[in-house]
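Numbering of ligands and ligand atoms starts at 1, following listing order. Starting from 1, each residue takes its place in the sequence as its number. All values below were derived from every heavy atom in this structure, side-chain atoms included, with hydrogens, water molecules and symmetry-related copies excluded.
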Amino acid sequence: MSASNTAKLKEQFDAGLETRADFTIDQPMDRYSAVDHMVWKQLYARQTTLLRGRVCDEFLEGVARLNLSPESVPSFDSINEQVTPATGWQIVAVPGLVPDQVFFEHLANRRFPVTWWMRRPDQLDYLQEPDCFHDLFGHVPLLINPVFADYMHAYGRAALAAHDANALPLLARLYWYTVEFGLIRDEASPNGVKINGAGIVSSKGETLYSQQSDAPNRIAFDLERVMQTQYRIDTFQKTYFVIDDFAQLFDVARTDFAPLLTRLAGTTPFPAGEIRAADRVITRGTGEGWATDADV
Ligand code: HBI
Ligand code: FE
C-alpha cells in the first residue's frame, strides 16, 4: 500500500470510522459536507453531458437504472436496491485502496468496494487514487449489466486463484485495459470507438482524448496481448484495447486462466506504446505529447 493510502487509513481511524477485517465500513452519510455534495453534483453534470454519444449504451442504461442522484452523493443502500436484484452484485464502502487479496475476495463474492469519500474541488480533473465519484459513477453502472457483471465476478475468482502464481501483473493489466480503460467498437463514432472503461468515464480529459485524439494507438482486444502490455498510471494511455462487444468479455470470463498465466509468467512485457506485428490495429497513434520516461 502507498504512503498516501496509509495516511488515509489513519485519517479514517482518527475519524472514528470502524474498519472491519475485510476493510469495509458503514458509509458515513453524515460526514459528507455541502462541498462534497457540490463536487458530486458538478462532476455528475459534467460527465453525463460529455458522455452522451461517446460512452457505450450499456453504461447509459446502467446510469438510468441505478437512479443515481444528480444532486448529492448517493447512499450505497439505495444503489444496492437496484443492482442486487438485477445481477446479485452489492457495493460495499471502503476507506480507499484495499490490498489486492482483499479486493479480489470481494469481487469473487460479487461485492464491489467503493471508496466512500469525495475528492476536493481542486481535484475535479485529476486524482491518482480512486474516490467515490470514480468508484461509483465509473464502475457501478456496468455492474447492472449481466454480461459485464459476470465478467467482473470471473475476474475476481481468477485473480484470487492466481494470487501466489507470479501472475498478478498479468491480471492487473487485464483489469486495467478492460475495466478501467476499455474501449468498445462502434463504427459510427470517432475513430470507430465508444468508451466503456471506468477510468475514462470518470475523467473529462480522458473521455475526449481516448476517443478523439490522434495520439494513442487503438488496437483490437486480444487476451494474451493485453496481459503482456505494460501501462501508465500517471498519464493518459498510449494504447487502448477495443472489444467488439460485451459478449467478447463473456468469452474471456470463461477462459481457463491457469495455463495462460503459467506460460506468460516469465515473459518480458511489451512497452505501453508499442505496436506488434500480430496486432489488429484500429488507429495507429501519432504519439504526440507522449511522455518519454520509462513505462511503469
Ligand atoms: N482497492 N478500493 C480498491 N479499488 C481498486 O480498484 C483496487 C483496490 N485494490 C487493488 C486493486 N484495485 C488492483 O489490484 C486491481 O487494479 C487489479
Ligand atoms: Fe477503478
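- Put simply, the residue from Arg232, Gln237, Lys238 that forms a side-chain contact (heavy atoms from CB on, under 4.5 Å) with Thr235 is Arg232.
- Annotation: the span from Leu170 atom CG to Glu224 atom CD amounts to 10.0 Å, rounded to 0.5 Å.
- Evaluation of the salt bridge (Lys or Arg N to Asp or Glu O under 4.0 Å) test over residues 103-118, restricted to residues two or more places apart or in two chains, returns Arg110-Asp150.
- Take the Fe ion (ligand 2) as the corner point: the lines to NE2 of His139 and to OE1 of Glu180 open at 90°, to the nearest 10 degrees.
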Could you tell me, for ligand 1, which of its N or O atoms are under 3.5 Å from any protein N or O, listing the pairs and their distances rounded to 0.1 Å?
unit_1: ligand 1; atom_1: 1 (N); unit_2: Val98; atom_2: N; d: 3.0
unit_1: ligand 1; atom_1: 2 (N); unit_2: Gly96; atom_2: O; d: 3.1
unit_1: ligand 1; atom_1: 9 (N); unit_2: Val98; atom_2: O; d: 2.7
unit_1: ligand 1; atom_1: 14 (O); unit_2: Asp100; atom_2: OD1; d: 2.5

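- Classification of the Tyr175-Phe103 ring pair by plane angle, with boundaries at 30° and 60°, yields perpendicular.
- Ring geometry for Trp176 against Tyr231 counts as parallel: the plane angle stays under 30°, on a 0 to 90° scale with 60° as the upper cut.
- Judged purely by atom type and a 3.5 angstrom limit, Trp89 uses its side chain to pair as donor or acceptor with the backbone of Ala149.
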